[in-house]
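One-based numbering along the sequence shown. Remember, it's a predicted structure, so these values are computed and weren't measured experimentally.
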Amino acid sequence: MKKQTIPKQIQEAFASEVQRYGNHIYHLGKEAGVAYYGFAYPDDLDICLPSVYGYDGHSVVITDSAEVARLFSLFGVE
């Protein structure tokens, strides 16, 4: 299996999480030309919905909590 390359813009969007918890960015999936990425927070961290960023090949796409929930359902994330 080929390792997914994380775009630089997505790495920058998750920079504070990576600095704090390590590099745990993962590719969720792709929809309508936008590749979506999440961050695997530590299990003992209590957060509502994690951050998800999209990348359309040019810029970062910011998602809100409703969009994060929809994307998780679409891509089968629990």
Checklist outcome for this item: On a heavy-atom basis, the closest approach of Val52 and Leu71 is CG1-CD1, 4.0 Å

Checklist entry - What heavy-atom pair brings Ala13 and Val60 nearest, and what distance separates the two atoms? => result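 What the structure gives for the nearest pair is CB-CG1, 4.5 Å.
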
Next on the checklist: Working to the nearest 0.5 angstrom, can you tell me the gap between Tyr36 OH and Thr63 OG1?
Outcome noted: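 So the OH of Tyr36 and the OG1 of Thr63 are separated by 7.5 Å.
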
Next on the checklist: Can you confirm whether Tyr37 sits close enough to Ile6 that some side-chain heavy atom of one is under 4.5 Å from a side-chain heavy atom of the other?
Outcome noted: yes

Checklist entry - Taking only residues at least two apart or on different chains, which pairs with a member in residues 50-78 satisfy ring-ring contact (aromatic ring centres under 6.0 Å, His included)? => result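 Output for this query lists Phe14-Tyr53.
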
Checklist entry - Among pairs that include at least one residue of residues 15-35, which meet side chain to side chain donor-acceptor pair (under 3.5 Å), considering only residues two or more places apart or in two chains? => result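 Side chain to side chain donor-acceptor pair (under 3.5 Å) check on residues 15-35 returns Glu17-Tyr41, Glu31-Arg70.
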
